Engineer: 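There's a structure below that I have some questions on.
Ligands are counted one by one from 1 in listed order, and the atoms in each one are counted from 1 as well. Everything numeric in this text was worked out from a predicted model, so none of it was measured.
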Amino acid sequence: MSNNPETALSGQQEIILKGVAAAHGIAIGPAYVYSKHIPRVETKAIAPGEVESEIQRLRTATARAEKELQKILRFAEMKLGAQSAKIFEAQIMILGDTILMGAIEQRITKELKNAEYIVADEISKYRQLMMAAPDEYMHERAHELDDVMNRIIRNVQDQKLFSRLEGESIVVSETLTSADTIIFSRNQVLGYATDLGGVTSHAAILSRSLKIPAVVGLRNATKQIRTGDLLAIDGYAGTIAINPSATTKESLHQKAQRFKEFEERLAELAGLPAMTPDRRTIELSSNIESPDEIEFLRIQGSAGVGLYRTESLLIGKDSYPTEDEQFETYGKVADGLFPDAVIFRTFDVGGDKLAPGSVQEENPFLGWRGIRVMLDRPDLFLNQLRAILRASTRKNVRIMFPMVSNLWEVRRAKILLDQAKGELRGLGIPFDNRIKIGVMIEVPSAAVMAEEIAAEVDFLSIGTNDLIQYLLAVDRDNAAVAHLFQQFNPAVLRSIKHIIEAGHRRGIWVGMCGEMAGDPVATVLLVGLGIDELSVGPTFLPEIKKIVRSIKLKDAKRIAEKVLAFKTEEEIKEYLSSVVKNKVPEIPLEEELGA
Ligand code: PEP
Ligand code: MG
C-alpha cells in the first residue's frame with residue numbers, strides 16, 4: 001500500500017493493491033462493487049401434503065436455472081466459440097444429473113424439509129469433498145458447483161437474476177464465476193478485480209479470451225473500494241490503484257501505449273519465417289488446447305501446433321469422450337491447420353490434471369499420470385489412438401506420449417498404436433500409416449535414456465515444466481518453493497543439452513514445448529544448443545520469432561558454450577538478459593515494459 005502526497009493534498013489518497021495479473025491490459029474507470037446475492041437458506045418443515053408442491057417448486061426452479069444457463073451458453077459460444085463455452089454445458093449437465101436431483105427429491109419426501117435447504121445441504125456435501133482435495137483445480141470447480149447451487153436456490157426463492165451495469169465500470173468482487181464474467185461482458189465492463197481466485201480459474205481464462213484486463217487474488221479489495229471510486233487496473237503488473245493520482249494515470253496511459261506499439265511491431269513478423277540471419281530455421285509452433293485457438297495462432301504467425309493438450313476434452317466430464325467425439329475435435333484441428341501439422345499429445349491425466357474416475361493419491365505428481373494411466377487402461381488408450389489416426393488422413397498429424405519414464409512404456413505404446421492401426425485397417429477406415437510418433441522428455445530417467453528412446457521414435461519434445469520439477473525436486477505449483485523452480489539451473493541446462501544431442505545422434509529432431517520455450521531470455525541459448533523446434537503459447541510467438549531472426553546461429557552457439565561454463569542460475573540469467581538487451585534491443589524485457 002502506498003500513499004501519494006500529490007493526492008493526499010486533494011483529500012483523496014491513492015492506494016495501490018497488489019494481486020495477481022490474470023488478463024493483460026489497462027483500464028481506468030469507476031468501480032462497481034458487486035456483492036453477489038447469496039440467497040439465505042433457512043430450514044423449514046413442510047407437511048406431508050406439501051411434498052408434491054415442494055418438489056414441483058424445485059423442478060420449476062431447476063428448469064428456470066437451466067434456461068438461464070442455456071442463454072449464457074449461447075452468448076458465450078457466440079463470443080468465445082464452442083470450446084471455451086463448454087464450462088456452461090458442464091453446469092447444465094449438473095442440473096440434469098438425475099442421481100443428484102433424484103437424491104434431493106427423495107430427501108424432501110423423507111425429511112419433510114423445504115427444497116432450498118435440501119439443495120444447499122446435498123450440493124454442499126459434494127462441494128466439501130472438492131474443497132478437501134489438495135489441488136487448486138478442484139477448488140475452482142467447487143466454486144462452479146456453488147454457482148449452480150445458488151442459481152437453483154435463487155430460482156426456488158423466485159429472485160431475479162442481476163445482470164446490468166450502469167455505464168462503463170470495473171467490476172470488483174470477492175470472487176467471480178464463469179457466468180458472472182460472461183454476463184458482465186455483455187455490458188460495458190472495463191476490467192475485473194477480485195479478492196480471491198487464481199490465474200487458472202475459469203473466470204480468469206474467460207477474461208483473457210474476452211481481452212478484458214483482470215487482477216485476481218487482491219485479498220480485501222471489496223472492503224477498501226466503494227462503488228463509484230475511481231480505479232486504475234493494471235493487468236500486466238497485477239495491481240490496482242484506488243483514486244489513482246494524475247501521475248499514475250499518465251504512466252498507465254504510457255504503458256498501455258508502449259504495449260500497443262510493441263504488439264503492433266511484432267505483428268508485422270507474422271508472415272516471416274523463424275530463421276536466423278545465417279539461415280538456420282527453427283520450427284516455431286504453438287501450444288493449444290482448443291480448435292478455437294487456430295485462428296489466433298495463424299494471426300500470430302505460427303507454423304502449426306507443437307503441443308495439443310488433448311486432456312482439455314475431459315474438463316467438466318465424468319467420463320472419457322468416445323472415439324467419435326474425440327475424432328470430431330481432432331479432425332477439426334487437423335483440417336483447420338492443414339497444410340501445417342499438429343502434434344496431439346495423448347491424454348496427460350493425473351498430477352494436477354483431473355481425470356474421470358481418478359483416484360485420490362498421496363503424491364499425485366509421482367503417481368498415476370500420463371502414459372501410465374493410458375497403458376493401464378488400453379481400452380481408453382485405443383479409443384484415443386484410433387480417433388487421432390482417423391484425423392491423420394491428410395498426413396499432417398503426429399502423436400506424442402507424455403510422462404514416459406522408461407523404454408518399455410514407449411514400446412508398449414507403439415504396440416497399442418499398431419493394434420489401433422490394425423483395427424482401423426480391418427474396418428477399411430483410412431489413416432496415415434506412417435504417422436510420426438514422439439515422446440515428451442519430462443522425467444529425469446527419460447532424459448538420461450534420451451538416446452535409447454530417440455532410437456525408437458521420430459522426434460522428442462522437452463517438457464520443461466515437469467522436467468524441472470522432477471529434476472530439481474520442486475513442486476511446479478507450490479508458491480513456497482517457486483524461487484527454487486529454476487529454468488536456468490545449470491543441471492537443467494546440461495540435461496537439455498544432453499537430450500538435444502542424444503536426439504541428433506539418432507538423426508531425429510528435438511523440440512521443446514514447456515514454458516521455457518516461450519521465455520525470451522532462453523531463446524538464444526536454446527538456438528545455440530541446437531533446438532529444432534519451439535512450441536510456445538501463441539501470445540509469445542512473435543517475440544520469440546523476433547529473437548530468432550535477430551541472432552546468428554554461430555553467435556548463439558558461442559553464447560550457449562559460455563552459459564554452460566557458468567555454475568549458478570544467477571550468473572546465467574544475468575548474462576542471458578544482457579544478451580537479449582544488447583543483441584535484440586527492440587525486445588523490451590518484462591521489467592522494462594513495467595510488467
Ligand atoms: C511440460 O511438462 O513441460 C509440459 C509441456 O506439459 P504440461 O505442462 O502439460 O504438464
Ligand atoms: Mg508435463
Side-chain angles (χ1 to χ4, degrees), residues 135-137 198-200 205 283-290 293 297 302 304-315 342-355 358 361 363-374 384 398-405 409-410 413 438-447 450 453 459-478 482 485-489 491-493 495-496 499-500 503 510-519 522-523 526 531 533-541 544:
D135 58 309
E136 185 64 21
Y137 181 84
V199 285
T200 57
I205 294 168
E283 187 91 3
L284 196 51
S285 48
S286 298
N287 296 348
I288 64 166
E289 45 195 72
S290 145
E293 292 176 84
L297 68 88
S302 173
V305 169
L307 168 63
Y308 190 99
R309 290 184 162 99
T310 59
E311 55 281 0
S312 60
L313 282 171
L314 307 175
I315 294 175
V342 49
I343 299 177
F344 287 113
R345 176 175 76 181
T346 56
F347 291 133
D348 184 16
V349 293
D352 60 336
K353 299 163 191 145
L354 196 67
S358 63
E361 294 176 283
N363 248 324
F365 273 114
L366 301 183
W368 208 43
R369 261 201 87 177
I371 195 74
R372 301 171 180 180
V373 178
M374 289 297 112
Q384 182 172 37
R398 298 163 188 166
I399 302 182
M400 178 160 77
F401 304 122
M403 195 58 197
V404 163
S405 57
E409 289 167 336
V410 181
V439 163
M440 283 195 72
I441 303 293
E442 51 182 348
V443 177
S445 58
I453 294 175
F459 64 91
L460 302 178
S461 185
I462 307 173
T464 46
N465 307 343
D466 279 312
L467 183 61
I468 297 172
Q469 122 161 309
Y470 294 127
L471 194 63
L472 305 183
V474 178
D475 181 345
R476 62 193 263 187
D477 291 329
N478 183 345
F485 190 91
Q486 301 180 331
Q487 291 192 145
F488 297 100
N489 184 300
V492 172
L493 303 188
S495 304
I496 293 172
I499 300 163
I500 296 173
V510 181
M512 178 178 284
C513 60
E515 292 304 302
M516 188 174 182
D519 181 347
T523 317
L526 296 172
I531 203 90
E533 180 240 30
L534 293 170
S535 191
V536 307
T539 345
F540 306 113
L541 212 131
I544 303 299

Engineer: Examine the proximity of ligand 1 to L467 and report which part, side chain or backbone, both or neither, has a heavy atom under 4.0 Å away.
Structural biologist: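 Under 4.0 Å from ligand 1, L467 contributes no heavy atoms.
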Engineer: Using side-chain heavy atoms (C-beta onward) and a distance below 4.5 Å, is R476 in contact with I468?
Structural biologist: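 Heavy-atom side-chain distance check fails, nothing below 4.5 Å.
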Engineer: For ligand 1, is there an atom lying under 4.0 Å from some heavy atom of M516?
Structural biologist: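 M516: no contact with ligand 1 (<4.0 Å).
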Engineer: Would you call R372 and D348 a salt bridge, using N to O less than 4.0 angstrom?
Structural biologist: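 No, no charged N to carboxylate O under 4.0 Å.
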Engineer: Could you tell me whether the side chain of Q487 reaches within less than 4.5 Å of the side chain of D519, counting heavy atoms only?
Structural biologist: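 Result yes, sub-4.5 Å side-chain heavy-atom pair found.
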Engineer: Can you tell me if E515 has a non-hydrogen atom under 4.0 Å from ligand 1?
Structural biologist: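 Contact absent.
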Engineer: Which atoms of ligand 1 have any heavy atom of G514 under 4.0 Å away?
Structural biologist: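 Under 4.0 Å from G514, ligand 1 has these atoms: 3 (O), 5 (C).
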Engineer: In ligand 1, which numbered atoms sit nearer than 4.0 Å to a non-hydrogen atom of L307?
Structural biologist: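 By the 4.0 Å cutoff, the relevant atoms are 5 (C).
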Engineer: Polar-atom distance check: E311 versus ligand 1, any N or O pair below 3.5 Å?
Structural biologist: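 No, no N or O pair falls under 3.5 Å.
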Engineer: M403: heavy atom below 4.0 Å from ligand 1, yes or no?
Structural biologist: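 So M403 does not count as touching ligand 1.
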Engineer: Ignoring angles and geometry beyond distance, decide whether E442 reaches within less than 3.5 Å of ligand 1 through its nitrogen or oxygen atoms.
Structural biologist: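 Min N/O separation from ligand 1 is below 3.5 Å for E442.
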Engineer: Just verifying a value: how many Å separate N287 CG and I343 CD1, rounded to the nearest 0.5 Å?
Structural biologist: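 Interatomic distance, N287 CG to I343 CD1, rounded to 0.5 Å: 9.5 Å.
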Engineer: As a test of reading the structure, name the N/O/S atom of E442 that is nearest the Mg ion (ligand 2).
Structural biologist: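 Looking at E442, the N, O or S atom with the least distance to the Mg ion (ligand 2) is OE1.
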Engineer: Yes or no: does Q469 have any heavy atom under 4.0 Å from an atom of ligand 1?
Structural biologist: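 It does not; every heavy atom stays at 4.0 Å or beyond.
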Engineer: Which ligand 1 atoms, with their elements, are less than 4.0 angstrom from a heavy-atom of R476?
Structural biologist: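 The atoms of ligand 1 under 4.0 Å from a heavy atom of R476 are 2 (O), 7 (P), 8 (O), 10 (O).
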Engineer: Is the Mg ion (ligand 2) under 2.8 Å from any N, O or S atom of D466?
Structural biologist: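 Short answer: yes, at least one N, O or S atom is under the cut-off.
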Engineer: How long is the span from the CE atom in M512 to the OG1 atom in T523, to the nearest 0.5 Å?
Structural biologist: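 M512 atom CE to T523 atom OG1 measures 10.0 Å (nearest 0.5 Å).
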Engineer: Considering only heavy atoms of D348, which atoms of ligand 1 have at least one such atom less than 4.0 Å away?
Structural biologist: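 Listed by number with element, the hits are 10 (O).
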Engineer: Among residues at least two apart in sequence or on other chains, which ones pass ring-ring contact (aromatic ring centres under 6.0 Å, His included) with F459?
Structural biologist: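 Residues passing ring-ring contact (aromatic ring centres under 6.0 Å, His included) with F459: W509.
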Engineer: Please report the interatomic distance OG1(T310) to CD(E289), rounded to the nearest 0.5 Å.
Structural biologist: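 Spacing of OG1 (T310) from CD (E289) equals 10.0 Å.
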Engineer: For ligand 1, which atoms have a heavy atom of D466 less than 4.0 angstrom away?
Structural biologist: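 Those qualifying, in numeric order: 1 (C), 2 (O), 3 (O), 10 (O).
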Engineer: Should you measure from each heavy atom of R369, which atoms of ligand 1 turn up under 4.0 Å away?
Structural biologist: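 Listed by number with element: 10 (O).
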Engineer: Consider only side-chain N and O atoms of E293 and S286, and report whether a donor and an acceptor are under 3.5 Å apart.
Structural biologist: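 There is no such pair (donor and acceptor under 3.5 Å, judged by atom type) between the side chains of E293 and S286.
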Engineer: For ligand 1, indicate whether the residue N287 contacts it via side chain, backbone, both or neither (heavy-atom separation under 4.0 Å).
Structural biologist: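 Near ligand 1, N287 shows nothing, with every heavy atom at 4.0 Å or more.
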Engineer: Does either side chain, that of E515 or that of T464, offer a donor lying less than 3.5 Å from an acceptor on the other one?
Structural biologist: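 No, because no side-chain N or O of E515 sits under 3.5 Å from a partner of the opposite role on T464.
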Engineer: When you look for heavy atoms under 4.0 Å from ligand 1, do you find them on the side chain of M400, its backbone, both, or neither?
Structural biologist: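 Contact part for M400 vs ligand 1: neither.
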Engineer: Within this structure, what is the OG-CD1 distance for the pair S302 and I288, rounded to the nearest 0.5 Å?
Structural biologist: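 Spacing of OG (S302) from CD1 (I288) equals 8.5 Å.
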Engineer: Can a side-chain donor-acceptor contact be found between N465 and E442 if the only test is distance below 3.5 angstrom?
Structural biologist: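 The criterion, which ignores hydrogens and geometry beyond distance, is not satisfied for N465 and E442.
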Engineer: Any idea which atoms of ligand 1 are less than 4.0 Å away from a heavy-atom of C513?
Structural biologist: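 Going through ligand 1 atom by atom, the ones under 4.0 Å from C513 are 5 (C).
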